[in-house]
Trainee: 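The structure under discussion is supplied below as structure tokens; questions concerning it will follow.
So that the names make sense, note that chain A is the first sequence line, chain B the second, and so on, each numbered from 1.
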Protein chains: 2
Amino acid sequence: MVQQQSQIKNKLLNILPERDMNVLAPQLELASLPRGTLIAKRGESIQHVYFLESGIASVVVTTPGGYQGEAGIFGNEGYVPTSAAAGVDSSSHDIVVQMDAEAYRMDYESFRIAMEENRSLWKVVVRSIEAFSVQLAYTAVCNAIHDVNERLARWLLMCEDRIQANELPLTHDFLSMMLAVRRPSVTTAMHILEGNGFIRAYRGSVVIKNRAALEEFAHDAYGIPEAEYRRLMSDLF
Amino acid sequence: MVQQQSQIKNKLLNILPERDMNVLAPQLELASLPRGTLIAKRGESIQHVYFLESGIASVVVTTPGGYQGEAGIFGNEGYVPTSAAAGVDSSSHDIVVQMDAEAYRMDYESFRIAMEENRSLWKVVVRSIEAFSVQLAYTAVCNAIHDVNERLARWLLMCEDRIQANELPLTHDFLSMMLAVRRPSVTTAMHILEGNGFIRAYRGSVVIKNRAALEEFAHDAYGIPEAEYRRLMSDLF
DNA sequence: ATTGTTGTGTACGATACCGTACATTTTCTC
DNA sequence: GAGAAAATGTACGGTATCGTACACAACAAT
């Protein structure tokens, strides 16, 4: 069950017309998802659909050869697994909680029915998918054309966007998996960002000191998917 | 208008139950899309929705700084622009025809109405979006972890998948834009693939000689999105 | 045939990042 | 407070790719 809609932080649920949300509310339960939780696994059946309230999760691709990398990241601006909207009963991706999260979740079958009956939910969900796919597209090109420094800057910005605080609890090792680079590459990239005064690095966390400058540094790598998200969500109701 | 459904090569239209397709048929017209045609432009309004019958188009990301790269590729297995399904009246991506294409198209407004009224079309379209987003995710990670040789191999395979023939009319210059690498990097990568006997390179075209070996060479970089597409489309009706 | 254009081959120094290894520091555990 | 574990710093040779430039080959246009 759910409290006042206005207090819901998930942007998809929050934007729903009140009457639609009221229909949905009884089916939502709040769940705690500690870091490392596997929300979904590729090819395996979907138990619940999640709307994050806080924290971060990401779509992680693991190749048959054991390589791993992050394809996309999301927080309270989305829902997951996206394949649920397609009426598939299994996920297309591995989805992992990267920073302790809270999420409203509903069981998959209820979600399917709600998607059929609740036009507003449907709209919100489909736009969210579209917005996420824009992020994926830009990540793909970003990985091809930008160096580690810029990609790290981009990642930190995307992370801060989805967290209340400007202190991000992350280790170099963790970031190296996300960016699919060596751990020492993260270390040196971090030094460059810190040397420029954009961030302050501590053991196990990063504090963003000058977001504007960091955005400027990331330049090409950051901004368009974010703007596109706002555009896609702006004229919904 | 449209001929026998069984003769339609677009996999989405082809898979539709006959009665649903019959409803749709009067609104579809066949269009020729020569290479270079801009099917959609980011932020600009959508005129038509396209179901490719042949040829290839791709989602191209252009950064404010003028860099460019391909995020995803599609042929007769999809439709476009994906954002049309979200009820947005503008595209989220630039979409460019890469090899001369034919496509059934319908005007955007008809598509919106059809999506509301035609449950089968809706299902097919949403699954297609999901499948495409899987491709985007793997492209993102692929760009991060694989070298140019493997990425070229992957691209050629994805290209052949979407073309009848095994002769692909492409130049190094074109591929360098798709892969977001230098043109000479394509040349040397091409030599490696050719040296291994996987392909034969001609001026302005590439012929795939040993597809199985090429797949093995690409290994990690190729296969999962393709399998996922088949899985997503298999149990639809 | 001549000329221009387009596509491909190749070279070269510079740089970003790799794989790996190891030292150092901070935090956790007992 | 001693030892283990985790996080970070640093080094080093090797390789992939870069940016750029130029030569040559194939085709097109006149």
Trainee: Whole Å only: how far is the NE2 atom of B:H191 from the C1' atom of C:dG9?
Mentor: 6 Å
Trainee: If the sugar-phosphate is the primed atoms plus P, OP1 and OP2 and the base is the rest, what is the B/S/- string for nucleotides 13-23 of chain C, using protein heavy atoms under 4.0 Å?
Mentor: ---SSBBB---
Trainee: Pick out which of A:Y104, A:F74, A:F132, A:F111 makes a ring-ring contact (aromatic ring centres under 6.0 Å, His included) with A:Y79.
Mentor: A:F111
Trainee: To the nearest Å, give me how far apart CG (B:L175) and P (C:dG9) are.
Mentor: 12 Å
Trainee: Taking side-chain hydrogen bond (donor to acceptor under 3.5 Å, both in side chains) as the test, write out the residues that go with A:R35, two or more places apart.
Mentor: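 Listed in chain order: nothing, the list is empty.
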Trainee: Would you say the side chain of A:R203 and the base of D:dT8 hold a donor-acceptor pair, judged only by whether the two atoms sit under 3.5 Å apart?
Mentor: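 There is none.
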Trainee: Quick one: closest heavy-atom pair of B:M233 and B:R127, and the distance?
Mentor: CE-C, 3.7 Å
Trainee: Checking contacts here: which listed nucleotide (D:dG9, D:dA7, C:dG7) is nearest the side-chain heavy atoms of A:T171?
Mentor: D:dA7
Trainee: Look at the rings of A:W155 and A:F174 and say which category their plane angle falls in: under 30° parallel, 30 to 60° tilted, over 60° perpendicular.
Mentor: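 Plane angle over 60°, so perpendicular.
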Trainee: If you measure from CG on A:L30 to CZ on A:F51, what distance do you get to the nearest 0.5 Å?
Mentor: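 It comes to 13.0 Å.
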Trainee: If I take atom CZ in residue A:F174 and atom P in nucleotide D:dT8, what distance separates them, rounded to the nearest angstrom?
Mentor: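 These atoms are roughly 12 Å apart.
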Trainee: Report the distance from atom CD of B:E194 to atom P of C:dT10, rounded to the nearest whole Å.
Mentor: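 Answer to the nearest Å: 11 Å.
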Trainee: Take the protein atom CE of B:M190 and the nucleotide atom C1' of C:dG9, then report the distance between them rounded to whole Å.
Mentor: 13 Å
